[in-house]
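The figures that follow rest on heavy atoms only: side chains count, while hydrogens, waters and symmetry mates do not. Starting from 1, each residue takes its place in the sequence as its number. Every number for a ligand or one of its atoms is a count from 1 in the order of the listing.
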Amino acid sequence: MKEIYKNVYHVGDSGCSVFLVNTQSGEGLVLIDCGMSFEMIKKISKANLNPMEIKHCIITHFHIDHIAACSDLKKFNKCVKFYAHELDADAIEEKGHDRETAAMWYGVKYQPVKLTKRLKGNLEILKFGIYDFQCLHTPGHTPGSISILVETQEKKKILFGQDLHGPIIPGVSNFEDYQISLRKLLDLNADILCEGHFGVYQPASEVQRYINKYIE
Ligand SMILES: [Zn+2]
Ligand SMILES: [Zn+2]
């Protein structure tokens with residue numbers, strides 16, 4: 001558990017990197033992806049955050065390393081609400097999508113969770129407390145991949161890019177969409193990038209350098 005910025009934390013890595021935003025409001029704590037271990041998420045209590053206060057979880061895409069722990073979170077706190085893009089929603093809400101989610105490859109039995117909302121179109125904004133979570137559709141890695149941009153009160157732009165590194169998976173990914181999405185992310189001029197597997201990048205010049213590595 002590491003504070004990246006005021007109210008913004010890197011919870012840890014289990015499958016993917018899991019991030020958390022404290023909304024400082026009745027909307028509680030917002031998770032960006034769940035990873036594979038709810039035990040890891042529960043450790044936020046060591047930083048004086050209450051796991052029962054996790055009220056929202058925004059899922060960036062349907063891969064098992066980002067969603068496996070969702071069902072355990074739901075069992076722990078029935079009130080938690082999940083969000084994902086409609087194009088990735090079926091694999092998150094239903095059984096039988098083990099090829100898309102890569103659950104088969106990881107040897108994990110995925111327990112589906114219901115979404116409170118299926119995000120649609122290019123941009124949907126979820127307002128929780130003092131923060132607007134701009135959910136940008138950035139397809140390519142998966143059809144319904146999203147990236148989440150949060151602007152702090154000090155006007156710092158924090159981008160939760162998750163699997164912006166790819167990879168491109170035959171039958172699931174779309175390379176052209178992926179390249180268009182990367183350019184869209186570059187244009188955001190984010191100050192801090194939280195990547196799904198490769199750490200946290202800042203300042204803005206480092207974010208640009210990182211995204212540019214994947215643009216062809
Ligand atoms: Zn992925
Ligand atoms: Zn991933």
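Within the coordination shell of the Zn ion (ligand 1), defined by N, O or S atoms under 2.8 Å, Cys16 is absent.
For the pair NE2 of His141 and NE2 of His61, the angle whose vertex sits at the Zn ion (ligand 1) is 110° to 10 degrees. Expressed to the nearest 10°, the angle at the Zn ion (ligand 2) joining NE2 in His66 with OD1 in Asp163 is 80°.
Taken together through direct or relayed side-chain contacts under 4.5 Å among Ile, Leu, Val, Met, Phe, Trp and Tyr, Val108 and Leu73 form part of one hydrophobic cluster. Tracing side-chain contacts under 4.5 Å through hydrophobic residues (I, L, V, M, F, W, Y), one never reaches Tyr83 starting from Leu115; they form parts of separate clusters.
With respect to the salt-bridge test (charged N to carboxylate O, under 4.0 angstrom), the residues Lys184 and Asp187 do not qualify.
Nearest heavy-atom pair across His66 and His197 is NE2-NE2, 3.3 Å.
Asp65 contributes OD2 as its N, O or S atom closest to the Zn ion (ligand 2). Looking at His63 and the Zn ion (ligand 1) together, the shortest N, O or S contact belongs to ND1.
Ring geometry for His61 against His141 counts as perpendicular: the plane angle is over 60°, on a 0 to 90° scale with 30° as the lower cut.
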